[in-house]
Participant: 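Take a look at this one; I'll ask things after.
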Amino acid sequence: MALQSGNFGKNKMTGIDLFQSVYKGKKILVTGDTGFKGSWMCIWLKELGADVYGYALPPLTKHDNYVTTGLASKIQHLDGDVRDKEKLQAYFDKVKPDFAFHLAAQPLVIDSYKNPHYNFETNLMGAVNFFEAVRHCPSVKVAVNVTTDKCYKNNEWDYGYKESDPMGGDDPYSASKGCSELITHSYLKSFFNVEGTANIASGRAGNVIGGGDWADNRIIPDMIRAHQNNSELVVRNPNSVRPWQFVLEPVFGYLRLGEKLFTHKKQFSGGWNFGPESNANYNVNQVVTEVKKLLPQIKVTSPKTTEKLHEAGLLKLDITKAVMQLDWKPRLNFERTIAYTISGYLEELKAGTDVYAARLEQLKQYCN
Ligand SMILES: NC(=O)c1ccc[n+]([C@@H]2O[C@H](COP(=O)([O-])OP(=O)(O)OC[C@H]3O[C@@H](n4cnc5c(N)ncnc54)[C@H](O)[C@@H]3O)[C@@H](O)[C@H]2O)c1
């Protein structure tokens with residue numbers, strides 16, 4: 001049965017600190033802080049009492065979560081490209097972080113077809129530069145690379161991929177994330193395998209949704225744009241099944257993983273899946289139907305052209321390892337995932353809203 005929001009697990013948890021206070025007073029360097037997931041992660045870390053340092057390209061639009069929440073005035077940030085090895089290293093050397101989370105990436109399948117070279121450079125050499133910076137920065141105790149469910153060789157089968165399944169990727173984005181996993185594995189085996197070196201791991205999450213994501217060609221931002229503009233929503237792949245998750249679910253996973261790597265060290269190295277419950281995978285059509293319950297006026301249509309770039313049709317994650325070993329679990333069922341997401345957008349679209357306060361309120365609701 002899908003879980004409702006609420007406390008769970010061995011430890012009764014209170015407040016937003018689900019991490020034994022390991023982040024309090026620590027320096028945390030987050031690449032990709034100007035992005036959707038990175039900005040939510042920085043809010044959580046900031047509220048945990050961490051000193052947060054971001055490194056990323058500037059936000060793309062004024063609607064981005066980083067901008068609407070005013071995060072720039074709440075954390076330290078350096079504009080920089082992850083392909084710039086020297087600049088990234090210099091930032092690590094200056095900050096001397098305790099933890100590093102790598103979320104900066106080219107994250108879109110369609111964009112990876114448009115510019116595969118940039119996609120591979122950013123996602124492969126970005127990961128290499130991240131681990132090089134960690135390797136040469138002795139203050140770093142924990143480093144987590146964020147990849148995706150698409151890193152697995154997709155066989156279009158009906159069971160969830162396990163961490164031990166082979167890497168793959170047909171489209172350039174998926175292949176680049178499979179490679180990013182192999183890079184993580186290689187650095188783990190070659191450089192971070194002895195005591196005293198940083199404890200490293202990777203997090204593989206599903207399709208992440210939530211307020212503040214305005215990326216092109218993602219179903220929820222496309223629906224919100226259709227709602228705002230009173231335009232028709234073109235649904236590209238209505239039958240594609242995805243592991244939909246509210247943004248705080250994987251962020252909770254990455255932070256829990258960071259906590260375990262800090263407290264138990266190399267025991268928690270390697271790859272970790274963070275997805276919904278096995279019976280909570282829904283297709284695009286079901287997402288559209290659920291959103292339309294809240295925003296009924298959105299008009300939906302099918303693509304007019306027959307041109308189709310390959311994207312996986314069926315993609316599920318097996319989360320048993322994280323549930324059993326990290327004491328992590330999704331806290332929201334599908335209906336609440338969509339409800340949290342839509343209310344996040346409606347809050348930010350309301351004139352005069354303090355978006356940072358609204359995000360914090362959602363964080364508290366999510367945790368309690
Ligand atoms: N959103 C999802 O559904 C989802 C699902 C699984 C995995 N992921 C992964 O999570 C991570 C974050 O994704 P997101 O949805 O927040 O994406 P996003 O596009 O909102 O944010 C991407 C971030 O990376 C930065 N970035 C991109 N290219 C860069 C470069 N060359 N140099 C420096 N910074 C660069 C951007 O400035 C931004 O801060 C990515 O690794 C993505 O692949 C996302």
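The figures that follow rest on heavy atoms only: side chains count, while hydrogens, waters and symmetry mates do not. Counting starts at 1 for both ligands and their atoms, following the listed order.
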Participant: Does any N or O atom in F36 lie less than 3.5 angstrom from one in ligand 1, N or O only?
Facilitator: yes
Participant: What part of F101, side chain, backbone, both or neither, has a heavy atom within less than 4.0 angstrom of ligand 1?
Facilitator: neither
Participant: Tell me whether S39 reaches ligand 1 (any heavy atom closer than 4.0 angstrom to a ligand atom).
Facilitator: no
Participant: Is there a donor-acceptor contact under 3.5 Å from the side chain of R331 to the main chain of Y366?
Facilitator: yes
Participant: Does the R359 side chain pair with the main chain of G344, one donor and one acceptor, at a distance under 3.5 Å?
Facilitator: yes
Participant: Would you kindly specify which portion of N207 sits under 4.0 Å from ligand 1, judged on non-hydrogen atoms: side chain, backbone, both or neither?
Facilitator: backbone
Participant: For T147, which part has a heavy atom under 4.0 Å from ligand 1: side chain, backbone, both, or neither?
Facilitator: backbone
Participant: Hey, does the side chain of K321 reach the backbone of G271 with a donor-acceptor pair shorter than 3.5 angstrom?
Facilitator: yes
Participant: Strictly under 4.0 Å, does any heavy atom of P59 approach an atom of ligand 1?
Facilitator: no
Participant: Out of W328, F99, W44, which one pairs with F19 under the ring-ring contact (aromatic ring centres under 6.0 Å, His included) rule?
Facilitator: W44
Participant: Salt bridge or not for K141 and D98, using N-O below 4.0 Å?
Facilitator: yes
Participant: If you measure every N/O of G38 against every N/O of ligand 1, is any gap under 3.5 Å?
Facilitator: no
Participant: Do the side chain of T353 and the main chain of V355 share a donor and acceptor less than 3.5 angstrom apart?
Facilitator: no
Participant: Using heavy atoms and a 4.0 Å limit, tell me yes or no: is A205 in contact with ligand 1?
Facilitator: yes
Participant: Please check this pair: side chain of Q286 against backbone of N283, looking for a donor-acceptor N/O pair closer than 3.5 Å.
Facilitator: yes
Participant: Given that the side chain starts at C-beta and the backbone is N, CA, C, O, which of these parts of R218 lies under 4.0 Å from ligand 1, counting heavy atoms, or is it both or neither?
Facilitator: side chain
Participant: For Y173, is there any backbone N or O sitting under 3.5 Å from a side-chain donor or acceptor partner on K177?
Facilitator: no
Participant: Can you tell whether the side chains of R204 and E181 come within less than 4.0 Å, N to carboxylate O?
Facilitator: yes
Participant: N/O to N/O below 3.5 Å, does that happen between A56 and ligand 1?
Facilitator: no
Participant: Do any nitrogen or oxygen atoms of Y118 lie less than 3.5 angstrom from nitrogen or oxygen atoms of ligand 1?
Facilitator: yes
Participant: How far is atom 19 (O) of ligand 1 from its nearest protein heavy atom, and which residue and atom is that?
Facilitator: P107 CG, 3.2 Å
Participant: Hey, is Y66 one of the residues with a heavy atom under 4.0 angstrom from ligand 1?
Facilitator: no
Participant: Give the residue, atom name and distance (to 0.1 Å) of the protein heavy atom nearest atom 3 (O) of ligand 1.
Facilitator: V208 N, 2.8 Å
Participant: Judged on heavy-atom distance to atom 11 (C) of ligand 1, which of I209, L103, T31 sits nearest?
Facilitator: L103
Participant: Would you check if the side chain of D33 reaches a backbone N or O of S39 as a donor-acceptor pair within less than 3.5 Å?
Facilitator: no
Participant: Measure the distance from atom 23 (C) of ligand 1 to every protein heavy atom, then report the residue, atom name and distance (to 0.1 Å) of the closest one.
Facilitator: G32 CA, 3.8 Å
Participant: If the contact criterion is a heavy-atom separation under 4.0 Å, does K177 count as touching ligand 1?
Facilitator: yes
Participant: If I apply the N/O under 3.5 Å rule, does Q106 come out as touching ligand 1?
Facilitator: no
Participant: Could you check whether E121 pairs with R83 (Lys NZ or Arg NE/NH1/NH2 to Asp/Glu carboxylate O, under 4.0 Å)?
Facilitator: yes
Participant: Just wondering, more than 12 heavy atoms not from K74 lying within 6.0 Å of its NZ?
Facilitator: yes
Participant: Is it true that D165 and K162 have a side-chain N and a carboxylate O under 4.0 angstrom from each other?
Facilitator: no
Participant: Under a 3.5 Å distance rule, please check whether K24 uses its side chain to pair with a backbone N or O of A50 as donor and acceptor.
Facilitator: no
Participant: Which residue owns the protein heavy atom closest to atom 22 (C) of ligand 1, what's the atom, and how far is it?
Facilitator: A105 O, 3.8 Å
Participant: Note the single closest protein heavy atom to atom 43 (O) of ligand 1, along with its residue, its atom name and the distance in Å.
Facilitator: Y173 OH, 2.6 Å
Participant: When you measure from atom 39 (O) of ligand 1 to each heavy atom in T34, D213, L57, which option holds the nearest one?
Facilitator: T34
Participant: G35 to ligand 1: N or O pair under 3.5 Å?
Facilitator: yes
Participant: Do N273 side-chain atoms and D318 backbone N/O form a donor-acceptor pair below 3.5 Å?
Facilitator: yes
Participant: Would R204 count as a contact of ligand 1 if the rule is a heavy atom under 4.0 Å away?
Facilitator: no
Participant: Who's the nearest protein heavy-atom neighbour of atom 8 (N) of ligand 1, and how far?
Facilitator: K37 NZ, 3.2 Å
Participant: What protein heavy atom sits nearest atom 32 (N) of ligand 1, and how far away is it?
Facilitator: V82 N, 2.8 Å
Participant: What protein heavy atom sits nearest atom 6 (C) of ligand 1, and how far away is it?
Facilitator: G206 O, 3.3 Å
